There are 2 protein chains.
Amino acid sequence: MKLNEGIEWAIHCCSILAALPPDIALSAKRLAEFFDLPSHYLAKHLQSLSQAGLVSSSKGPGGGYSLAKPADQISVLNIVQAIDGRAAHFQCTEIRQRGPSGVEPPCYKNPCGIARTMWRAEKAWRAELAAVSLADIGQLGLNEIPQTQMDKSLHWFESVIK
Amino acid sequence: MKLNEGIEWAIHCCSILAALPPDIALSAKRLAEFFDLPSHYLAKHLQSLSQAGLVSSSKGPGGGYSLAKPADQISVLNIVQAIDGRAAHFQCTEIRQRGPSGVEPPCYKNPCGIARTMWRAEKAWRAELAAVSLADIGQLGLNEIPQTQMDKSLHWFESVIK
DNA sequence: GGCAGGTTACTCGGATAGCGATTGTCCGAGTTGATCTGG
DNA sequence: CCAGATCAACTCGGACAATCGCTATCCGAGTAACCTGCC
């Protein structure tokens with residue numbers, strides 16, 4: 001199992017948007033340029049974020065994407081689920097009901113213990129991701145980004161936005 | 001992202017092996033028959049369990065698979081990792097280092113906050129799975145399996161093992 | 001009757017195709033901002 | 001100089017290929033039990 005690569009891109013892009021003034025939009029092309037990513041493919045993932053209501057989009061010159069909500073109201077889980085879907089990773093196919101020892105479906109009152117175990121683990125995973133907001137990610141970044149990169153980033157923003 | 005379907009099969013098969021007397025081996029064919037699964041494909045996953053040292057295999061007539069360790073020393077995480085590999089689900093490609101604002105790799109002392117967040121969530125996921133052993137799964141089963149199924153299963157075992 | 005050798009049937013293990021989801025790419029619809037023209 | 005219409009460039013959004021990993025299958029290597037013939 002491998003997590004969708006676009007998840008990394010989406011979280012990074014959202015954290016950039018969170019650092020910008022709220023009324024500034026950044027196009028998919030600019031975001032791709034900032035991270036040196038294939039712009040068309042990144043656009044596909046940004047569309048998912050837009051459909052999930054995490055970012056709002058505007059067309060035409062000066063348009064692009066901006067956060068639809070304050071950064072502290074968007075969790076990492078929101079972004080992950082927007083890109084990767086909300087389906088459970090483990091899917092129980094009820095093989096206990098099959099084969100020579102299976103009995104009628106109504107006899108099974110609960111999901112089987114194996115599925116419950118897997119789902120409990122997924123729940124813990126989601127809880128960890130839900131506990132971290134974009135604002136938290138931004139704060140981490142402010143504390144740890146090399147000063148040189150911060151300067152280059154600010155310079156890049158100014159050259160692009162004007 | 002979807003978890004390998006074989007994980008469900010492998011855990012069910014291991015829980016069956018855990019319920020058997022330790023000196024009894026069950027072949028891939030029999031296990032597939034019990035759950036009505038494609039035997040050849042199930043065999044592939046059982047090989048993974050064997051390579052991981054969770055089950056021991058014996059060839060020839062009367063051979064098959066049996067648990068290599070006591071059921072309380074095999075966690076669900078062991079099985080999941082045997083089938084799905086031990087690689088992290090989230091792979092950080094360090095896109096923060098790329099693009100016009102990137103600086104030299106030595107400037108980045110820690111993994112980026114996004115990767116740390118994702119990995120912390122995976123750690124919580126693994127911890128939940130590591131906390132459940134095959135013995136626990138078996139206990140859950142004993143408490144919840146319909147009596148009719150238990151009878152049919154015992155009957156099937158007797159007809160197969162003799 | 002007991003034993004040695006050969007045979008047979010059964011099992012695992014790795015090597016080999018098929019398919020679906022993720023990855024990657026493109027063009028059309030729509031909007032905004034600037035430009036140009038006329039008053 | 002200002003207002004309005006036109007135009008052009010830019011952006012998103014959905015539709016269309018290519019690649020990789022999961023799914024599925026097979027056959028060969030090895031082993032244990034069994035059977036047969038001989039002592």
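Atom set for the values below is all heavy atoms of this structure, side chains included, hydrogens, waters and symmetry mates excluded. Residue numbers begin at 1 in each chain, while the letters A, B, ... track the order of the sequences. Here the structure is a predicted model, which means the values were calculated and not measured.
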dist A:Lys44:NZ -> A:Ser39:OG (nearest 0.5 Å) comes out at 13.5 Å
Close residues, residues 90-101 of chain B, relative to DNA chain D [heavy-atom separation under 4.0 Å]
none
Side-chain contact test, heavy atoms from C-beta onward, threshold under 4.5 Å: evaluate it for A:Gln97 versus A:Val103 and give yes or no.
no
Under 3.5 Å, is there a donor-acceptor pair linking the side chains of B:Glu5 and A:Thr93?
no
Candidate pair A:Glu128 and A:Arg126, rule salt bridge (charged side-chain N to carboxylate O under 4.0 Å, His left out), full reasoning:
CA-CA 5 Å; A:Glu128 285 287 335; A:Arg126 289 194 301 269; over 6 Å; no
Of B:Gln51 and A:Pro61, the one whose closest DNA chain C nucleotide lies more 5':
B:Gln51
When you measure from the side chain of A:Asn4 to the backbone N and O of A:Gly6, does any donor-acceptor pair fall under 3.5 Å?
yes
Within residues 24-35 of chain B, residues whose heavy atoms come under 4.0 Å of DNA chain C:
B:Ser27, B:Ala28
Given DNA chain D, 5'-ward residue of the pair B:Gly62 and A:Ser57, judged by closest heavy atom:
A:Ser57
Just checking, is any N or O donor in the side chain of A:Tyr108 or B:Gln149 under 3.5 Å from an acceptor N or O on the other one?
yes
Pairing of A:Glu144 and B:Arg116 as salt bridge, 4.0 angstrom limit:
yes
Should A:Ser50 be listed as having a side-chain N or O under 4.0 Å from OP1 or OP2 of D:dG13?
yes
Check A:Ile83, A:Ile16, A:Val76 against A:Ile11 for a side chain to side chain contact (heavy atoms under 4.5 Å, CB included) and give me the one that passes.
A:Val76
What pairs of nitrogen or oxygen atoms, one from the protein and one from nucleotides 18-28 of chain C, lie under 3.5 Å apart?
| unit_1 | atom_1 | unit_2 | atom_2 | d |
| --- | --- | --- | --- | --- |
| C:dT22 | OP1 | B:Met1 | N | 3.4 |
| C:dT23 | OP1 | A:Glu5 | N | 3.1 |
| C:dT23 | OP2 | A:Asn4 | OD1 | 2.5 |
| C:dT23 | OP2 | A:Asn4 | ND2 | 3.1 |
| C:dT23 | OP2 | A:Tyr41 | OH | 3.2 |
| C:dT23 | O5' | A:Tyr41 | OH | 3.1 |

Validation row, ring centre A:Trp156 to ring centre A:Phe34 under 6.0 Å
yes
Taking atom types as modelled, is there a side-chain donor on A:Ser75 or A:Asn78 under 3.5 Å from an acceptor on the other?
yes
